[in-house]
Chemist: 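Got a structure for you, questions after.
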Amino acid sequence: METTAPSITLRDGTSIPQFGLGVWQMTDAEAEAAVVAAHNAGYTLIDTAAGYQNEAAVGRAIAQFDRDDFYITTKLKNEDQGYDDALRAFDASMSKLAIDTLDLYLIHWPSPAQDKYSEAWRALVDLQKDGRVRSIGVSNFEPHHLARIIDDTGVVPVLNQIELHPLMTQTANRAVHAEYGIATQAWSPLGSGRADVLELPALIEIARNHDATVAQTILAWHLAVGNVVIPKSVTPARIEENIGALELALSPDELAAIDGLDNGTRFGPHPDSF
Ligand SMILES: NC(=O)c1ccc[n+]([C@@H]2O[C@H](COP(=O)([O-])OP(=O)(O)OC[C@H]3O[C@@H](n4cnc5c(N)ncnc54)[C@H](OP(=O)(O)O)[C@@H]3O)[C@@H](O)[C@H]2O)c1
């Protein structure tokens, strides 16, 4: 069955689907097949990055359908920060994706040791002014990184993509995003599929109450709290299973129980030191 994801309106007036496919750690063959499977299951948002080295494969998959069927996000690698480097890197990503206009371009990490993320942000602001990209945002930005680019340019990112799953619910960062009107996008929404997350007894019980899977339960929680979510899977059955979360409504008590699982477990690196 094909399901359409709801959209969230971003602060620049555009809208983003609240549900999509992440393609990190996919080979070219896997990425091309997964994007086709996702399209067939009703996904529109695809999240890639220059650093994932599969933009061309994503481009080959989307070329099989209408461009308008997709909302495409890609990201600027740390090595390409700095104004001119960012403009060049954007062109390289666009030629690999083989599209004219990108939906969303993100700075992948602040990489503060390089101290170039604010310059990179100026490049993204200019790319948006030139109409090459509809929306611009960031990833892995802590509140002080957000404050810096906003102070330097006056332009607020529309979205911040951060590590967020039931063991790290990012309450403080989400509150800062809400103050600025920045959408929160959850990476590793399933905790990268780790048993520490997918086998939590509280989640197993909630899933059982709804005759759903734990993955669907976690994704339904993300959607209910307002996150944009991008689960990764190369497995067609899981690609379908995951979008089934759109059909699942958890009760306020169940949502609160999942909120309560937070223990600050971070699986990825800290943005201040990466
Ligand atoms: N901005 C950043 O710095 C950053 C960092 C990390 C990730 N991301 C983005 O976020 C996306 C998702 O994060 P992620 O890839 O780390 O992890 P994830 O989506 O939380 O989990 C993916 C893992 O869970 C498995 N899985 C998927 N659906 C499942 C299901 N229904 N039941 C059981 N297992 C399931 C997948 O296995 P199979 O693939 O084998 O099915 C894969 O091993 C990435 O692809 C990327 O686009 C961004």
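As the structure lists them, so they are numbered: ligands from 1, and atoms in each ligand from 1. Note that the coordinates shown come from a computational prediction; the quantities given were computed from them, not determined experimentally.
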Chemist: Check the orientation of Phe267 and His165. Use parallel for under 30°, tilted for 30 to 60°, and perpendicular for over 60°.
Modeler: tilted

Chemist: Hey, which of Thr101, Asp126, Asp91 is the one that makes side chain to side chain donor-acceptor pair (under 3.5 Å) with Arg132?
Modeler: Asp91

Chemist: Against ligand 1, does Phe267 come closer than 4.0 Å with any heavy atom?
Modeler: no

Chemist: What about Ala186: any of its N or O atoms under 3.5 Å from an N or O on ligand 1?
Modeler: no

Chemist: Using a 4.0 Å cutoff against the non-hydrogen atoms of Thr235, which atoms of ligand 1 qualify?
Modeler: 38 (P), 40 (O), 41 (O)

Chemist: What protein heavy atom sits nearest atom 11 (C) of ligand 1, and how far away is it?
Modeler: Ile230 O, 3.2 Å

Chemist: Are Gly268 and ligand 1 in contact, using a heavy-atom cut-off of under 4.0 Å?
Modeler: no

Chemist: Can you tell me how far the CD atom of Gln161 sits from the CD1 atom of Ile182, to the nearest 0.5 Å?
Modeler: 14.0 Å

Chemist: Using a 4.0 Å cut-off to any heavy atom of Pro231, which atoms of ligand 1 qualify?
Modeler: 19 (O)

Chemist: Just to confirm my output: which protein heavy-atom neighbour is closest to atom 25 (C) of ligand 1, and how far is it?
Modeler: Arg238 NH1, 3.8 Å

Chemist: Which protein non-hydrogen atom lies closest to atom 19 (O) of ligand 1, naming both residue and atom, and how far is it?
Modeler: Lys232 N, 2.8 Å

Chemist: Enter the distance from Lys116:NZ to Leu76:CG here, rounded to the nearest 0.5 Å.
Modeler: 10.5 Å

Chemist: Could you find the nearest protein heavy atom to atom 17 (O) of ligand 1 and give me its residue, atom name and distance?
Modeler: Ser192 CA, 3.3 Å

Chemist: Distance under 4.0 Å to a non-hydrogen atom of Glu241: what atoms of ligand 1 satisfy this?
Modeler: 30 (C), 31 (N)

Chemist: Only heavy atoms of Gly193, strictly under 4.0 Å: list the atoms of ligand 1 that pass.
Modeler: 21 (O), 23 (C), 24 (O)

Chemist: CD1 of Ile243 to CD of Gln216: how many Å apart, nearest 0.5 Å?
Modeler: 11.0 Å

Chemist: Rounded to the nearest 0.5 Å, what's the gap from OG1 on Thr169 to CG on Leu164? Could you check?
Modeler: 6.5 Å

Chemist: Looking at OG1 of Thr73 and CG of Leu106, how far apart are the two atoms once the value is rounded to the nearest 0.5 Å?
Modeler: 6.0 Å

Chemist: Going by distance only, is there an N or O of Lys75 that falls short of 3.5 Å from an N or O of ligand 1?
Modeler: no

Chemist: Answer yes or no for Val23: is there a heavy-atom contact with ligand 1 below 4.0 Å?
Modeler: yes

Chemist: Any chance the rings of Phe19 and His222 have centres within less than 6.0 Å?
Modeler: no

Chemist: Would you mind running through ligand 1 and noting each atom that sits below 4.0 Å from a heavy atom of Trp109?
Modeler: 3 (O)

Chemist: If you measure every N/O of Pro189 against every N/O of ligand 1, is any gap under 3.5 Å?
Modeler: yes

Chemist: Scan side-chain atoms only and decide if Tyr180 and Asn160 contain a donor-acceptor pair under the 3.5 Å cut-off.
Modeler: no

Chemist: Should you measure from each heavy atom of Gln161, which atoms of ligand 1 turn up under 4.0 Å away?
Modeler: 1 (N), 2 (C), 4 (C), 8 (N), 9 (C), 48 (C)

Chemist: When you measure from atom 5 (C) of ligand 1 to every protein heavy atom, which one gives the shortest distance, and what is it?
Modeler: Trp187 CD2, 3.1 Å

Chemist: Heavy atom under 4.0 Å from ligand 1: found in Ser139's side chain, backbone, both, or neither?
Modeler: side chain

Chemist: At less than 4.0 angstrom from any non-hydrogen atom of Leu198, what atoms of ligand 1 do you find?
Modeler: 33 (C), 34 (N)

Chemist: Of all the non-hydrogen atoms in the protein, which one sits nearest to atom 3 (O) of ligand 1, and at what distance?
Modeler: Asn140 ND2, 2.9 Å

Chemist: So if I count the atoms of ligand 1 from 1 in the order they appear, which ones are less than 4.0 Å from some heavy atom of His108?
Modeler: 1 (N), 2 (C), 3 (O)

Chemist: Considering only protein heavy atoms, which is closest to atom 20 (O) of ligand 1, and at what distance to one decimal place?
Modeler: Leu190 N, 2.7 Å

Chemist: Would Val229 and Leu190 show up in the same hydrophobic cluster when neighbours are defined by side-chain heavy atoms closer than 4.5 Å?
Modeler: yes

Chemist: Indicate the ring-plane relationship of Trp24 and Tyr52, choosing parallel, tilted or perpendicular according to the 30° and 60° boundaries.
Modeler: tilted

Chemist: Does atom CG (Asp100) have a neighbourhood of more than 12 heavy atoms from anything else shown, all under 6.0 Å?
Modeler: no

Chemist: Name the orientation class of the two ring planes belonging to Phe141 and Tyr117 (parallel below 30°, tilted from 30 to 60°, perpendicular beyond 60°).
Modeler: perpendicular

Chemist: Is Thr48 close to Leu97 at the side-chain level, that is, under 4.5 Å between some pair of heavy atoms?
Modeler: yes

Chemist: To which protein heavy atom is atom 44 (C) of ligand 1 closest, and what is the distance rounded to 0.1 Å?
Modeler: Trp24 CB, 3.5 Å

